[in-house]
Amino acid sequence: MASSEDDEDAIVVVAAATTSLIGCYYQYFVEKTVCHDSILSGSAHVDEILDGHDARCQNSFRMEKHVFLLLCELLQKKQLLRHSKGVRVEEKVAIFMLAIGHNERNIILQERFQHSGETISRHFNAVLDVIVQLADDFLQPAGPSTPDEIRENPRFYPYFKNCIGAIDGTHMPAMVSEDEQPIYRKRKGFISQNVLVACSFDLQFQYVLAGWEGSAHDGRILDSSLTRSDKLIVPEGKYYLGDAGFSLTPSFITPYRGVRYHLKEYGGNRPKDAKELFNLRHSSLRNVIERVIGILKRRFTILQVQPQYPYESQVKIVLACCIIHNHIRRECINDLFLDDGGVVPVQETEPEVPEDNNEGVRLGRNREQDLASELRTSIADAMWNNYQHCRRTI
């Protein structure tokens, strides 16, 4: 008899639990907008931003109105994104831009756009996937011609006439599983992915390799970038400028080690020899990579924190931010993020360079280093001779 009563009690409990689950399912999956009752829909919010002062669009979507609309138009023209029931392309892109530009959480975007969390997540990932498909259109390898920024500046031309840009590694905060944290922990202690970027002197990214663990050395990532299917292309006879963390090769010219370069060409702290002058102008020209990375991180604040996304998505987000940055640089008339309050100083300490125990590789690199050293010396000597001549004629 007791067993029968227990069975009846169990049935009552199960029935109550089932009823509760059905109610929750109906509330959250059938009536998705039950708690989104604002009179300002997501579409209306986007229209209000686009119809308002241009500064509102720049603050919200990180770009001018016409640049935002051009991006939406491009995604539709390439048939990568289209209007869906209840959500226009402009609203989908707006969701994505608020997420990466302000690191807005899903729950905040639900309230802003009056959609369910599932809808917000779906459109964010859809836009992320199509933006990275624009990589070939916006991450263009350098051409063979001398950049205007060098050709039109007597401090750099003709000495750096074969320079096509600058490279560097930068760390982006990352979120990984506890088991993976040791390899993603950089020397300064925080969890990150190490991203190799190359840029032109007009502040556009030419190459981006994201996803490497924070403990990886810049030189190792550069080696990988030169052998991948989507490799970094350096035209014959051309080179990038890199810091002392990279190996000196004909394709990547680095500063002289152990030589100061935080100097001024005018005043009491002038360079005293060819090496100091070379390092000074090398750092001045290479500073473009520090500047463009700074602009990228200020424009997209999601790159300053550990994103709450799967690691694969975190890697895509970095690439997508670089692509959108290039789109803005090409189309923007008044980019607020270019006013960066001055240049970022280049580090003075020499980065640690890992030893290479492969003798064959070492010998090959030594030959390359000799050629690159001769090139660097010829540039430094020509620069110094002209520098001394100009001082004597003043």
Side-chain angles (χ1 to χ4, degrees), residues 20-53 55-65 67-134 175 299-321 323-324 327:
S20 177
L21 288 173
I22 292 174
C24 289
Y25 179 87
Y26 186 82
Q27 178 182 3
Y28 290 108
F29 294 97
V30 178
E31 291 186 345
K32 291 183 179 180
T33 59
V34 66
C35 61
H36 301 134
D37 54 3
S38 172
I39 61 173
L40 187 66
S41 66
S43 180
H45 172 72
V46 174
D47 287 341
E48 181 183 288
I49 295 294
L50 295 178
D51 292 339
H53 194 282
R56 293 188 65 187
C57 189
Q58 286 183 309
N59 291 331
S60 295
F61 305 148
R62 309 320 241 180
M63 64 188 88
E64 294 174 305
K65 286 186 285 188
V67 182
F68 177 85
L69 292 173
L70 282 173
L71 177 60
C72 297
E73 181 182 335
L74 176 64
L75 294 173
Q76 293 179 84
K77 184 177 180 180
K78 287 183 170 289
Q79 298 183 341
L80 297 174
L81 210 61
R82 61 183 180 180
H83 303 307
S84 56
K85 184 178 180 180
V87 186
R88 297 153 41 211
V89 167
E90 291 79 7
E91 187 177 355
K92 296 177 183 181
V93 177
I95 291 171
F96 182 76
M97 292 308 303
L98 281 174
I100 65 172
H102 300 272
N103 191 36
E104 293 284 22
R105 297 290 193 264
N106 185 292
I107 192 169
I108 301 300
L109 296 173
Q110 289 179 48
E111 176 61 28
R112 179 70 58 85
F113 292 95
Q114 296 294 292
H115 293 305
S116 69
E118 184 275 333
T119 299
I120 294 295
S121 179
R122 175 159 41 86
H123 291 311
F124 173 87
N125 285 292
V127 176
L128 176 61
D129 287 338
V130 299
I131 291 293
V132 297
Q133 292 182 45
L134 298 176
M175 180 169 288
R299 192 191 305 278
F300 304 111
T301 57
I302 196 171
L303 301 179
Q304 301 177 26
V305 298
Q306 291 182 312
Q308 305 291 318
Y309 298 95
Y311 189 71
E312 181 182 355
S313 296
Q314 296 177 48
V315 175
K316 288 182 181 180
I317 286 170
V318 173
L319 180 59
C321 288
I323 290 170
I324 295 175
H327 169 68

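Between the side chain of Lys65 and the backbone N or O of Arg56, no donor-acceptor pair lies under 3.5 Å. For His102 (side chain) and Asn59 (main-chain N/O), a donor-acceptor pair under 3.5 Å exists by modelled atom type. Asn106 places a side-chain N or O within donor-acceptor distance of the main-chain N or O of Gly117, the cut-off being under 3.5 Å. Using modelled atom types, one side-chain atom of Gln314 and one backbone atom of Met175 make a donor-acceptor pair closer than 3.5 Å. Proximity of a side-chain donor or acceptor of Gln114 to a complementary backbone N or O of Glu111 within less than 3.5 Å is detected. Between the His123 side chain and the Phe96 main chain, no donor and acceptor come within less than 3.5 Å of each other.
To the nearest 0.5 Å, the span separating OG1 on Thr119 from CG on Leu109 amounts to 12.0 Å. Taking CG of Asn103 as the reference point, atom CD of Gln306 lies at 11.0 Å (rounded to 0.5 Å). Atom CE of residue Met97 and atom CZ of residue Phe300 lie 4.5 Å apart, to the nearest 0.5 angstrom. With rounding to the nearest 0.5 Å, the separation of CG in Leu319 from CD in Gln133 is 11.0 Å. Note that CZ of Arg105 and CD of Gln110 are 13.5 Å apart. Values are rounded to the nearest 0.5 Å. The CD1 atom of Ile108 lies 11.0 Å from the CD1 atom of Ile120; values are rounded to the nearest 0.5 Å.
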Problem set entry | Arg122/Ile95 under side-chain contact (heavy atoms from CB on, under 4.5 Å): CA gap, chis, key distance, verdict | CA-CA 10 Å; Arg122 175 159 41 86; Ile95 291 171; over 6 Å; no
For this session: Before giving the answer on side-chain contact (heavy atoms from CB on, under 4.5 Å), spell out for Ile317 and Leu303 the whole-Å C-alpha distance, their side-chain angles and the decisive distance to 0.1 Å.
Result: CA-CA 8 Å; Ile317 286 170; Leu303 301 179; 4.3 Å; yes
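Across Ser313 and Leu128, no two heavy atoms sit closer than the pair O-CD2, 4.1 Å. Among all heavy-atom pairs drawn from Glu91 and Val46, the shortest one is CA-CG2, 4.0 Å. For the pair His83 and Lys92, the tightest heavy-atom approach, listed with the atom from each and the gap, is C-NZ, 4.2 Å. Between Ile302 and Ala99, the shortest heavy-atom distance links the atoms CD1-O, 3.9 Å. Shortest non-hydrogen contact noted between Ser60 and Leu98 is O-CD2, 3.4 Å. Counting all heavy atoms, side chain and backbone alike, Leu75 lies closest to Leu134 at CD2-CD1, 3.8 Å.
Side-chain contact between Leu70 and Glu73: present, with at least one pair of heavy atoms (C-beta onward) separated by less than 4.5 Å. Ile324 has its side chain out of reach of Arg62: every pair of non-hydrogen atoms, C-beta onward, lies at least 4.5 Å apart.
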